[in-house]
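In what follows, a single structure is set out as structure tokens and then discussed.
Values reported hereafter were calculated over all heavy atoms of this structure, with side chains retained and with hydrogens, waters and symmetry mates removed. Counting convention: from 1, in listed order, for ligands and their atoms alike.
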Amino acid sequence: MRIMIIGGGGREHALLWKLAQSPKVEKIYCVPGNPGMQDLAICLEGNPGDNAAMVRLAQEHAIDLVVVGPEAPLANGIVDAFNKAKIAVFGPNQAAARLESSKDFAKTIMIKYGIPTAAYASFQDAEAAKSYIRKQGAPIVVKADGLAAGKGVVVAATTEVACQAVDEMLTGHSFGLAGERVVIEECLVGEEVSLLAFVDGETVVPMVAAQDHKRIFDDDQGPNTGGMGAYAPAPVLTPELAEQVKQEVLLPVVRAMAQEGCPYKGCLYAGLILTEEGPKVIEFNARFGDPETQVVLPLLDGDLAEILLACSQGKLSEVDVAWKDGAAVCVVMASWGYPGPYESGMIISGIEGAKQKEGIVFHSGTRQQDGQLMTDGGRVLGVTAVAQDIQAAIRKAYQAVIEVSFAGMHFRRDIGRKALNRLQQ
Ligand code: AMP
Ligand code: GLY
């Protein structure tokens, strides 16, 4: 099988790392990929936003399966373009990707089909939105309707902050078109967990549950980021709760999408809050999570290429998906200043040392220049370790992390601690 991966972050590096282990895979191309991915694949230049160009590249290289990593090309209809060209592709088409690309669409589906989620209302008019906020009271959550690179959510402690967020999105156009509609949600209380699933239009196979660490500093302090680390499995989602999420969330939404005429194929990511009333959805993503993928795929005991191809062909029920015992922990190393402004171009050293300590090093924001590996993004590297349990995985991950260095390197020192605390209780 010849595979082409679209994207070039830590998620795509993890997908590549796992796909490359498949005996069925002959060659892998990445567009654009990153310096870490070059060891396992051929990186091609190209713009993932240009559907016609991506189809041409796949045809030129006789690709059997395209795997789309990020949300933007999905929302831009890249899967529709490959479908039209009769090239197998893993990911939802544009209509199905609305589960992520429009929060209003996702909420409408959830309410219509009785899927547990936070109560909400959606607005295009700022005055109407603000009067709703004042009526509901705080805390309250304001979300830009469209894709906002993980930055379109404001969890407001006061109605003033919520109203200000509405003004910035609807009147100040802080998210462009993505913020021309806002969704205002009830603020849910409980622990967060991510449950990703393989989906082929009908069959749903959940992965191991993972927990992301969204805030920049230890103990969940500071602003939200794309994710500073993750671990799996997340003990907070017990097997009973995972089954409940499958029955009450994943299966109903996949059936709903088929009924609405846009069957869902690809990775379906349910972001959940485990409330006192049970698990409720705070978001769907139409793709693998980052960094969740960096801990989930190392625990997959199966052939990822076979699974992804089966999803694209509607044959997921015919393949085996099993999970290894043990746990995985990923620590993300970021540039100083991230998620605010930061500098790039810092020389990175110690990656070989981290690998010697059995760390799996995934690149997120790096570039190669004059033979030197340099930082080139907010999130720079993810270092994953797999071990027999979460405690051992944490220890092993940090032993590898301390080998790596670059000027201004920042990482959280408490990745996985919540799982440890829960297990020790
Ligand atoms: P998102 O960008 O949708 O992942 O949201 C960012 C963060 O906002 C989530 O990780 C949650 O911590 C928080 N959040 C989103 N929706 C809600 C909600 N309805 N209640 C409480 N917190 C929320
Ligand atoms: N880690 C959160 C996301 O991928 O959206």
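- Atoms of ligand 1 found under 4.0 Å from any heavy atom of K214, numbered from 1 in the order shown, are 4 (O), 10 (O).
- If you look at L188 next to ligand 1, the close heavy atoms, those under 4.0 Å, come from the backbone and the side chain alike.
- Listed by atom number, the atoms of ligand 1 under 4.0 Å from E186 heavy atoms are 18 (C), 19 (N), 20 (N).
- Other residues, nucleotides and ligands contribute at most 12 non-hydrogen atoms within 6.0 Å of the CD atom of Q391.
- A heavy-atom separation below 4.0 Å is found between I273 and ligand 1.
- By the 6.0 Å contact criterion, CZ on R422 is enclosed, its count of non-hydrogen atoms from other residues, nucleotides or ligands being greater than 12.
- Within 6.0 Å of CG on N421 lie more than 12 heavy atoms contributed by other residues, nucleotides or ligands.
- For the 3.5 Å distance criterion, the side chains of R181 and Q124 qualify, holding a donor opposite an acceptor.
- Contacts with ligand 2 closer than 4.0 Å are made by no heavy atom of R11, backbone or side chain.
- The protein atom (non-hydrogen) at minimum distance from atom 5 (O) of ligand 2 is R287 NH2, 2.9 Å.
- In the vicinity of G289, heavy-atom distances shorter than 4.0 Å reach the ligand 2 atoms 4 (O).
- Just one of R412, K418, R417 meets the salt bridge (charged side-chain N to carboxylate O under 4.0 Å, His left out) condition when paired with D219; it is R417.
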Check the pair R98 / C262 against side-chain contact (heavy atoms from CB on, under 4.5 Å), numbers first and verdict last.
CA-CA 10 Å; R98 283 179 299 168; C262 40; 3.7 Å; yes

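- At least one heavy atom of K143 sits closer than 4.0 Å to an atom of ligand 1.
- Residue G226 approaches ligand 2 through these ligand atoms, each under 4.0 Å from one of its heavy atoms: 1 (N).
- Close N/O approach between D212 and ligand 2 is found [any backbone or side-chain N/O within under 3.5 Å].
- In Y269, the part holding a heavy atom less than 4.0 Å from any atom of ligand 2 is the side chain.
- Atom CG of N285 is separated from atom CD of E283 by 4.0 Å, given to the nearest 0.5 angstrom.
- Proximity of G271 to ligand 1 is not established, as no heavy-atom distance is less than 4.0 Å.
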Derivation of the side-chain contact (heavy atoms from CB on, under 4.5 Å) call for V253 and Y113
CA-CA 8 Å; V253 74; Y113 292 89; over 6 Å; no

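- Distances shorter than 4.0 angstrom do not occur between any heavy atom of G227 and any atom of ligand 2.
- Atoms of ligand 1 lying under 4.0 Å from any heavy atom of C187, numbered from 1 in the order shown and given with element: 20 (N), 21 (C).
- Looking at E283 against ligand 2, nothing comes within 4.0 Å, counting heavy atoms.
- For the residue pair Q368 and Q38, no side-chain donor N or O sits within less than 3.5 Å of a side-chain acceptor on the partner.
- Checking Y231 against Q211 by side-chain atom types alone, a donor-acceptor pair falls below 3.5 Å.
- Taking a cut-off of under 4.0 Å to the non-hydrogen atoms of N285, the atoms of ligand 2 that pass are 5 (O).
- Ligand-side atoms of ligand 1 in range of I282: 9 (C), 11 (C), 15 (C), 16 (N), 17 (C), 18 (C), 19 (N), range being under 4.0 angstrom from any heavy atom.
- R413 forms a cation-pi arrangement with F411, by the criterion of a distance under 6.0 Å to the ring centre and an angle within 45° of the ring axis.
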